[in-house]
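To keep things clear, I will list the structure first and then write my remarks on it.
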Amino acid sequence: MVDFCQNMKEKIKILSAEIENFAISNLQELENFRIKFIGTKGSIKELFNDLKSVPNEEKKEIGQLMNGLRMLAEDKYNQFKSNLEEANNKAELIDFSRPGEDFSVGSHHPISLVRAEIIAIFNRIGYTVSEGPEIEDDWHNFSALNFPPEHPARDMQDTFFIEKGENEMALRTHTSSVQVRVMENQQPPIRTISPGRVYRNEAISARAHCFFHQVEGLYIDKNVSFADLKQTLLHFAQEMFGEKAQIRLRPSYFPFTEPSAEVDVSCSICNSKGCNVCKYTGWLEILGCGMVDPNVLEAAGIDSKVYTGFAFGMGIERITQLKYKVNDLRLYSENDIRFLKQFTSVL
Ligand code: PHE
């Protein structure tokens, strides 16, 4: 009998090791585990049948060991069952046959689109792009550009001053300031455009804003003439508004150019027949230009007896307005998604 009991204990030990080592990684293996150990024909049931033959004085001890064994198997079974079921439920949540969800692509801001288009047009005829600071000193924004000290554009009404007095700093009112920096650092030939944001102290309305964007151009070399300027601008207008676009120049004044002109383009909205956008004139004003004043060349260290050049400047908002027929400047900075979503072209 001692042997029989010893044998039982031995079997219990072996079985508990088997139970612990039994690998379960799916529902089939879990079921195999159940049949092997817990099921009505499983090894634990079998062992319980042998308990009848154990003498009474040993029954308590062996009975406890057997209960421990059964609990070990049942705990393992329950644990794996709930783990596997949970994993299974999760897997069911993923429906691989479902069509993919749409994702929406954002759109470029119309100012960015037109800015890129203007840059591309001038890049093709050899212009580089130059950039400079938005906070400028008096020299680069005004003095080097031949603004007399008392010129009204320096007045508080137009310029946002950051610091007055000796170290006067202001938000640039045009990107001509960048061109001064280019001329100071580079000898001709110079062929560059400077796109960027500019600031003017104006009341915000449909037709004016306290900030907007410009592209200014500069071309300096030997023998650059007004005819070159005209031809360059005609080329630009035709690239931007179509082959049939015409330009006309009206005399104007800027401190940094002489002679100076304002340029109109034929109204592409009504084909120059007259509409409310061109105010029934058939023409739309798009930019200012002129031959660089010799004083400006000299101030930047360029010999005005050897070199001549032309400059021009345009507002990107204005070109965008004509291209996309946007009639209120405020729309560009209000971030109304319904407005922005209409511009789906890709750069
Ligand atoms: N800087 C001028 C402006 O901001 C535009 C301009 C540039 C005019 C170059 C003539 C030549 O209005």
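Computed from heavy atoms alone, side chains included, the values below leave out hydrogens, waters and symmetry copies.
- Distance check, rounded to the nearest 0.5 Å: CD1 of Ile316 to CD of Glu117 gives 11.5 Å.
- Shown here is Ile135, whose CD1 atom has no more than 12 heavy atoms of other residues, nucleotides or ligands within 6.0 Å.
- Taking both residues in full, the closest heavy atoms of Ser225 and Met291 are given as C-CE, 3.7 Å, listed atom of the first, atom of the second, then distance.
- Side-chain contact check for Thr232 versus Leu229: every heavy-atom pair is 4.5 Å or farther apart.
- When every heavy atom of Phe256 is checked against every heavy atom of Leu145, the shortest pair comes out as CB-O, 3.3 Å.
- The side chain to side chain donor-acceptor pair (under 3.5 Å) pairs that include a residue from residues 64-73 are Asn67-Arg70, where partners are two or more places apart or lie in different chains.
- Side-chain contact check for Gln238 versus Glu243: every heavy-atom pair is 4.5 Å or farther apart.
- Contact between Met183 and Ile220 at its shortest, heavy atoms only, is SD-CD1, 3.5 Å.
- Side chain of Thr128 to backbone of Arg191: a donor-acceptor contact under 3.5 angstrom is found.
- Side chain of His109 to backbone of Tyr332: a donor-acceptor contact under 3.5 angstrom is found.
- For Lys13, the NZ atom counts as loosely surrounded, since its 6.0 Å shell holds 12 or fewer non-hydrogen atoms of other residues, nucleotides or ligands.
- With contacts defined as side-chain heavy-atom distances shorter than 4.5 Å, the pair Glu168/Phe161 qualifies.
- For the residue pair Ser130 / Ser194, no side-chain donor-acceptor distance below 3.5 Å is found, with atom types taken as modelled.
- Enclosure of atom CZ in Arg330 by more than 12 non-hydrogen atoms of other residues, nucleotides or ligands within 6.0 angstrom is indicated.
- When all heavy atoms of Ala73 and Ile44 are compared, the closest pair comes out as CB-CD1, 3.6 Å.
- At a threshold of 4.5 Å between non-hydrogen side-chain atoms, the residues Ile118 and Pro195 do not count as touching.
- Each salt bridge (charged side-chain N to carboxylate O under 4.0 Å, His left out) pair with one or both residues in residues 75-86, not counting sequence neighbours, appears once here: Lys81-Glu85.
- Ser205 places a side-chain N or O within 3.5 Å of a backbone atom of Ala208 that can act as its donor or acceptor partner.
- Grouping Ile, Leu, Val, Met, Phe, Trp and Tyr residues whose side-chain heavy atoms lie under 4.5 Å apart, directly or via other members, leaves Trp283 alone, with no other cluster members.
- In this structure, Asp50 and Phe4 have side chains that are in contact, with non-hydrogen atoms separated by less than 4.5 Å.
- Leu249 and Tyr253 end up in different hydrophobic clusters when Ile, Leu, Val, Met, Phe, Trp and Tyr side chains are linked at under 4.5 Å.
- Residues Lys279 and Glu285 are not paired through a salt bridge, judged by the lack of any N-O separation under 4.0 Å between the basic side chain and the carboxylate.
- Transitive grouping of hydrophobic side chains (ILVMFWY, heavy atoms separated by less than 4.5 Å) keeps Leu171 and Phe212 in distinct clusters.
- In this structure the side chain of Tyr127 never reaches within 4.5 angstrom of the side chain of Ile121, judged on heavy atoms.
- Annotation for Ala299 and Ala144: closest pair CB-O, 4.0 Å, computed over non-hydrogen atoms.
- The neighbour count for Arg98 CZ, taken as heavy atoms of other residues, nucleotides or ligands under 6.0 Å away, does not exceed 12.
- For residues 18-35, every residue pair satisfying the side chain to side chain donor-acceptor pair (under 3.5 Å) rule, not counting sequence neighbours, is listed here: Glu18-Lys36, Ser25-Glu29, Gln28-Asn32, Glu31-Arg34.
- Side-chain atoms of Ile19 and Phe33, non-hydrogen and from C-beta on, do get closer than 4.5 Å to each other.
- A donor-acceptor contact shorter than 3.5 Å links the side chain of Gln179 to the backbone of Glu216.
- More than 12 heavy atoms of other residues, nucleotides or ligands sit less than 6.0 Å from atom NZ of Lys59.
- In this structure a side-chain-to-backbone donor-acceptor pair under 3.5 Å is present from Asn146 to Pro255.
- Counting only residues at least two apart or on different chains, the side chain to side chain donor-acceptor pair (under 3.5 Å) pairs with a member in residues 305-318 are His213-Glu317, Arg318-Gln321.
- Clustering ILVMFWY residues whenever any of their side-chain heavy atoms sit less than 4.5 angstrom apart, transitively, puts Ile14 in a cluster other than the one holding Leu72.
- Taking the side chain as every heavy atom from C-beta outward, Phe236 and Val215 never approach each other to under 4.5 Å.
- A search for ring-ring contact (aromatic ring centres under 6.0 Å, His included) contacts involving Tyr219 returns Phe310, not counting sequence neighbours.
- Across Tyr324 and Leu113, no two heavy atoms sit closer than the pair OH-CD1, 3.8 Å.
- Within a 6.0 Å sphere centred on CG of Asp336, heavy atoms belonging to other residues, nucleotides or ligands number more than 12.
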